[in-house]
Amino acid sequence: MNMGGHALLIPLPFQGHINPLMQLAWKLVSHGFLVTFLNTDFNHNRIMQANTRNPIHNNWDGIRMVSIPDGLPPDDKRTNIPNLLQALDNSMAPSVIKSLIEEINEREEENKITGIIVDAMTCFGLKAVADFYQIPLFAFHASLVANCTIRYFIPRLVSIGTLAQDGAPKEEKKVRYIPSMPPLRSGDLPWLFGGEKMFKRCIQMGESIKQIKRVLTNSFYELEGPVVEELSREVEVYPIGPLIPGEFLEGVKRSPSKALPSFWADDVECLEWLDKQSTQSVIYVSFGSLAVWSQIQVEEFAAGLEAALRPFLWVVRSGLMEGGKPTIPPGFLEHVRERICIVSWAPQLQVLSHPCIACFVTHCGWNSVQESITMGVPMLCSPHFIDQFLNRTYIVDVWKIGLPLESNKDGIIEKGEIARAVDRLLVGEDGAEIRKHVTKLMRSSRDVVKEGGSSFNSYSKFLHQMKKQLLD
Ligand code: UDP
């Protein structure tokens, strides 16, 4: 029998949800657990194929990588998020997860599943399965506790009339929806993307968390203490972030000790290019794994980066641009050849921890934001969807560790705005203050996971719950 037990981890099938849950898997392994990590077949194959340089195995030092179908046809590109999530409701229904557990338990008398951790946005209804086996179940929320909290309180906001029945804000002006959160713009509400399907899913997520009663979050208390307190009056909240490889929290530039489960192969040559730049000179530009930009927006970005007159490293992922093919404007590469590095997927943690990085132009995906904080890199914010507008509000208004890139009336961030914001951040007085704030939060993000820190303590409590029935 494995002394720590055997945990089943079920992420949402997106890069930004798999990455932190995989880090939690490694933490559990280091505390004596065996982990079964359940991906969709589609993502499992991508991860296996992308990591040929640093291979990931099905049986991986205490983590078993298993997969099941996601319910979509093989030729589906899986870019329609609400559709993918809906298909998962069938393909990962509680009965399917129960059969998987049954199969593992029958095969391995000594290594039966002893606990489940499931992404809060999927696999609703697992409480009955956990109760059947009398094992602990935790919901895992991959972003800010604020995002979890505002979704949790949707029914209350509708009942008091702050939100319409369909989740639309009643007011265009800024509103303090939740007492422990800052006032939000109507566009900050994280369910506005994806229409009715996403709104319903957010409500289901809240109901599911209420039923499960315990939620792990990839955030830390010092970032959003008041909102952690507010949600804790409803359910047990365990902020255990930042869930990133420990070696990056020690502030040294090196490869991760374990391969990361990326969907694309890292282009490590950019690290050599970075080594040749001056300290804190490079603008890092990346919009994560899901965002799609219009051709006109890409052209404005290219022109803005050219006008910023600094070296930059730009991730142009396949699928970043509408219509498929990346189309960098003609002539652009010629003009900036001396100071540009374009890659299709960056080793982002190594990049952000590199001393030559000056700032991060980001889509404000939660992992990117937290990684930037832990490396002390200030941000320029260009959110795309879901929780990213809310994250921007925290970055700009609450923590004051970045600046917004404002759009024009057509929703486009113009080149002049990009060049001006880079200057304001890197040479202006605002920039000096922002760097001070981000350095302070960086220290805090590294302290919280050390013995006695808030995330360390939350994780210890969680671990105790996961092991409790093994000790009884
Ligand atoms: N990432 C990476 N290389 C890239 C771009 C992103 O390794 O070129 C990683 C990044 O470090 C983060 C994840 O992919 O862990 C993206 O998650 P995030 O929440 O930032 O955004 P999403 O992709 O979910 O929109």
Side-chain angles (χ1 to χ4, degrees), residues 11-24 26 43 46-47 50-51 53-54 56 78-79 81 84-85 119 121 140-144 147 190 193-194 217-219 241-245 247-249 255-256 258-271 273-274 282-293 312-320 326 341-354 357 360-375 377 379-392 394-395 402 445:
L12 207 65
F14 302 113
Q15 187 78 77
H17 291 246
I18 293 173
N19 286 5
L21 209 59
M22 185 59 77
Q23 293 312 313
L24 179 59
W26 287 123
N43 285 344
R46 288 170 95 177
I47 291 169
N51 292 281
R53 206 171 35 86
N54 203 354
I56 292 177
R78 286 144 176 93
T79 46
I81 296 175
L84 173 54
L85 294 180
D119 195 290
M121 287 294 274
F140 175 75
H141 196 273
S143 69
L144 273 181
N147 180 22
F193 153 84
T217 71
N218 183 22
S219 177
L243 286 169
I244 65 171
E247 52 272 30
F248 287 97
L249 295 170
S255 319
K258 305 279 185 195
L260 299 171
S262 297
F263 292 174
W264 295 271
D266 282 341
D267 189 337
V268 285
E269 278 175 23
C270 65
L271 297 174
W273 178 85
L274 268 180
V282 177
I283 306 167
Y284 174 52
V285 187
S286 167
F287 305 120
S289 63
L290 296 166
V292 176
W293 292 87
F312 56 95
L313 168 56
W314 190 359
V315 181
V316 182
R317 189 197 82 234
S318 69
L320 172 67
C341 179
I342 294 193
V343 294
S344 54
W345 190 249
Q348 183 159 303
L349 289 166
Q350 281 131 290
V351 167
L352 285 172
S353 64
H354 197 286
I357 294 294
F360 184 7
V361 177
T362 172
H363 70 308
C364 304
W366 177 242
N367 293 282
S368 294
V369 173
Q370 198 165 220
E371 288 161 7
S372 205
I373 290 174
T374 49
M375 307 305 169
V377 176
M379 284 163 266
L380 290 174
C381 304
S382 167
H384 184 62
F385 63 8
I386 316 182
D387 58 334
Q388 296 160 7
F389 292 90
L390 176 66
N391 299 341
R392 175 188 62 181
Y394 271 84
I395 294 168
S445 73

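Start at 1 and go down the list; that is how both ligands and their atoms are numbered.
Looking at Arg317 against ligand 1, nothing comes within 4.0 Å, counting heavy atoms. Only the side chain of Val315 comes within 4.0 Å of ligand 1, counting heavy atoms alone; its backbone N, CA, C and O stay farther away. Both the backbone and the side chain of Ala346 come within 4.0 Å of ligand 1, counting heavy atoms alone. The side chain of His363, and not its backbone, has at least one atom closer than 4.0 Å to an atom of ligand 1 (non-hydrogen atoms only; side chain from C-beta on).
Between atom CZ of residue Phe287 and atom SG of residue Cys364 there is a gap of 10.0 Å, rounded to the nearest 0.5 Å. Note that the OG1 atom of Thr362 and the CZ atom of Arg392 stand 12.0 Å from one another [nearest 0.5 Å]. A distance of 10.0 Å separates CG of Asn367 from CD of Gln23, quoted to the nearest 0.5 Å. Between Leu349 atom CG and Phe248 atom CZ the span is 5.0 Å, to the nearest 0.5 Å.
Across Phe360, Phe312, Trp314, a single residue satisfies ring pair (Phe, Tyr, Trp, His ring centres under 6.0 Å) together with Tyr284, and that is Phe360.
Looking at ligand 1, you won't find any N or O of Gln15 less than 3.5 Å from one of its N or O atoms. Considering backbone and side-chain atoms together, Glu371 places an N or O closer than 3.5 Å to an N or O of ligand 1.
For the pair Trp264/Val315, no side-chain contact is recorded, criterion being any heavy-atom separation below 4.5 Å from C-beta on.
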Determine whether Trp345 and Ser262 satisfy the following criterion, side chain to side chain contact (heavy atoms under 4.5 Å, CB included), listing intermediate values before the conclusion.
CA-CA 9 Å; Trp345 190 249; Ser262 297; 3.6 Å; yes
Please assess Met375 against Ile244 for the test side chain to side chain contact (heavy atoms under 4.5 Å, CB included), listing each intermediate value before the final yes or no.
CA-CA 11 Å; Met375 307 305 169; Ile244 65 171; 4.0 Å; yes
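In this model, a donor atom of one side chain and an acceptor atom of the other lie less than 3.5 Å apart for Asn19 and Gln15. With 3.5 Å as the limit, one finds a donor-acceptor pair spanning the side chains of Ser368 and Gln348.
The distance from ligand 1 to the heavy atoms of Ser286 drops below 4.0 Å at these ligand atoms: 5 (C). Atoms of ligand 1 lying under 4.0 Å from any heavy atom of Gly16, numbered from 1 in the order shown and given with element: 17 (O), 24 (O).
Within the set Ser289, Gly288, Ala291, the minimum heavy-atom distance to atom 23 (O) of ligand 1 is found for Ser289.
Closest protein heavy atom to atom 13 (C) of ligand 1: Asn19 ND2, 3.6 Å. Regarding atom 20 (O) of ligand 1, its nearest protein heavy-atom neighbour is Ser368 OG, 2.5 Å. Among all non-hydrogen protein atoms, the one lying nearest atom 19 (O) of ligand 1 is Asn367 ND2, 2.8 Å.
The shell of residues lying under 4.0 angstrom from ligand 1, judged by heavy atoms, excludes Leu349. Using 4.0 Å as the threshold, Trp345 has a heavy atom nearer than that to some atom of ligand 1. For Ser262, the closest heavy-atom approach to ligand 1 does not fall below 4.0 Å.
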